[in-house]
Structure formats: C-alpha cells, structure tokens
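Working notes, beginning with the structure itself.
All values below were derived from every heavy atom in this structure, side-chain atoms included, with hydrogens, water molecules and symmetry-related copies excluded. Nothing here was measured: the structure is a model prediction, and the numbers come from that model.
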Amino acid sequence: MLPLFLLFILSACSQSDDIGQQLLSPEQVTLGFFNAIYVERDVEKAQRFVAPDLKEIIDHYHIASQVQRHVLGLSMSQVTIAIDEIDIDFFRKFTDDVTVVVKMEGLKGGKKWVDNRTIRLHKKGNTWIIVDFLPEKGRIEG
C-alpha cells in the first residue's frame, strides 16, 4: 500500500509542476523573458517564453548582448525591469492576445537610461507566449 500511495503523491506533484509552468500570466512571461536577456543573460532561458519563429531568430544571435542589440534594439546593463502597462485586466479570461509595455531602467553607454519596449503575447491553451516585439514610438531618456 505504501509504494502505491507514494507513487500517487509523486505523480500529483509532477502534474502540479507542469500546471504551474503553464499558468504563467502575461506579466510573468514578459518579466521572465526580459530578465533572462538583460539580467541573467541566458538566451536558452529566454527562448522558453517565445513563439517558435522568435526562437529561431533569438537562437541565430546566440548571446544575450546580440539579442539586446539586434532583436530588441536596446543594449543596456544594470537593468531593472517592471511592467508599465498591460492592455487587459478584467477580461483576461476571454482574450487570447495582449500587449504589454515593459519599462527598463539601467545604463546605456555608461549613462542612466530609461526606455520602454512593447510586446505582443498570444495564449495557446493555458500558456502565454511572446509572438512579437512591436516597433517603438519614442524613447524616454533618463
């Protein structure tokens, strides 16, 4: 009986881990991606948060500094990241597409810099993934 009970407990734990990974909010996915690129500088980790076509592009550049420069158009160091704006809230359960604005503060060329990046996410099943980096309308210099 004891082995059967332990097997049940282990399978329940592994299922909850899978569900926990799938239920990330758009904000968590966004922060996870930007944290991987700007803070941890881990391209493989960042690829978990993006659609397959963006994975290929990110993989092409291999290193985080190149992804910053060529994919996001903004090389920075000592970055802090926060969600500035999200276009959904109450109706989150009924939509499959959202845009999120990320505010980044850090150093660009050794000088203090504040900038925003807007991304679009799509919900596939219970998982949110980044599908596009939208062109920026303007920059905020700090």
Side-chain angles (χ1 to χ4, degrees), residues 3-142:
L4 186 58
F5 178 72
L6 290 174
L7 181 61
F8 174 75
I9 295 293
L10 288 175
S11 67
C13 289
S14 67
Q15 287 175 355
S16 67
D17 287 346
D18 292 341
I19 291 170
Q21 289 176 350
Q22 293 177 353
L23 296 178
L24 294 177
S25 70
E27 297 92 337
Q28 291 168 316
V29 170
T30 301
L31 291 173
F33 174 80
F34 280 91
N35 189 60
I37 293 296
Y38 283 96
V39 178
E40 297 174 29
R41 297 181 176 268
D42 185 343
V43 173
E44 284 186 35
K45 184 174 181 181
Q47 289 176 333
R48 296 182 210 162
F49 300 105
V50 299
D53 59 331
L54 288 178
K55 264 184 199 173
E56 288 181 30
I57 294 168
I58 290 170
D59 189 48
H60 172 76
Y61 289 106
H62 302 292
I63 58 175
S65 62
Q66 294 300 311
V67 173
Q68 288 179 22
R69 182 177 296 122
H70 297 289
V71 178
L72 300 168
L74 180 63
S75 295
M76 290 178 67
S77 61
Q78 299 179 17
V79 179
T80 58
I81 303 159
I83 300 296
D84 192 47
E85 180 181 324
I86 185 165
D87 71 349
I88 61 166
D89 194 21
F90 179 73
F91 296 106
R92 179 176 308 226
K93 294 179 184 176
F94 306 110
T95 186
D96 290 336
D97 288 294
V98 300
T99 56
V100 177
V101 178
V102 179
K103 181 178 181 179
M104 297 183 293
E105 297 182 41
L107 299 177
K108 179 180 176 184
K111 296 180 181 176
K112 186 176 178 181
W113 191 265
V114 178
D115 213 318
N116 290 341
R117 286 291 177 263
T118 305
I119 62 169
R120 190 166 55 91
L121 294 94
H122 183 75
K123 187 177 183 182
K124 289 189 175 186
N126 287 331
T127 306
W128 289 96
I129 58 169
I130 298 170
V131 294
D132 198 10
F133 301 104
L134 303 176
E136 291 308 309
K137 298 174 183 162
R139 292 194 176 131
I140 307 165
E141 189 171 346

Could you pull out the closest heavy-atom pair between [X] and [Y], with the gap in Å?
{"X": "Asp132", "Y": "Leu54", "answer": "N-CD1, 3.8 Å"}
{"X": "Ile63", "Y": "Val43", "answer": "C-CG2, 3.5 Å"}
{"X": "Ser65", "Y": "Ser75", "answer": "O-OG, 4.2 Å"}

Distance from [X] atom [atom1] to [Y] atom [atom2], nearest 0.5 Å?
{"X": "Met104", "Y": "Phe34", "atom1": "CE", "atom2": "CZ", "answer": "5.5 Å"}
{"X": "Thr30", "Y": "Ile119", "atom1": "OG1", "atom2": "CD1", "answer": "3.5 Å"}
{"X": "Asp115", "Y": "Leu72", "atom1": "CG", "atom2": "CG", "answer": "10.5 Å"}
{"X": "Thr127", "Y": "Leu121", "atom1": "OG1", "atom2": "CG", "answer": "11.5 Å"}
{"X": "Ile81", "Y": "Leu31", "atom1": "CD1", "atom2": "CG", "answer": "7.0 Å"}

Quiz item: salt bridge (Lys or Arg N to Asp or Glu O under 4.0 Å) with Arg120: which residues, sequence neighbours excluded?
Solution: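 Salt bridge (Lys or Arg N to Asp or Glu O under 4.0 Å) list for Arg120, sorted by chain: Asp97.
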With [X], which residues qualify under side chain to side chain contact (heavy atoms under 4.5 Å, CB included), at least two apart?
{"X": "His70", "result": "Tyr61, Gln66"}
{"X": "Lys103", "result": "Asp84, Glu105, Val114, Asn116"}
{"X": "Thr118", "result": "Thr99, Val101, Leu134, Glu136"}

Exercise. Would you please name every residue forming a ring pair (Phe, Tyr, Trp, His ring centres under 6.0 Å) with Phe33, sequence neighbours left out?
Key: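 With neighbours one apart ignored, the set is Phe133.
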Self-check item: Any donor-acceptor pair under 3.5 Å from His122 side chain to Ile129 backbone
Solution: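 Judged by distance alone, no pair lies under 3.5 Å.
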Quiz item: Quick check: does any side chain N or O of Arg117 sit under 3.5 Å from a backbone N or O of Gly73, one acting as donor and the other as acceptor?
Solution: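 Present.
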Quiz prompt | side-chain hydrogen bond (donor to acceptor under 3.5 Å, both in side chains) pairs, two or more places apart, involving residues 40-58 | solution =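 Sorted result for residues 40-58: Asn35-Glu40, Glu40-Lys45.
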Quiz item: Taking it one step at a time, do Gln68 and Ile37 satisfy side-chain contact (heavy atoms from CB on, under 4.5 Å)?
Solution: CA-CA 7 Å; Gln68 288 179 22; Ile37 293 296; 3.6 Å; yes
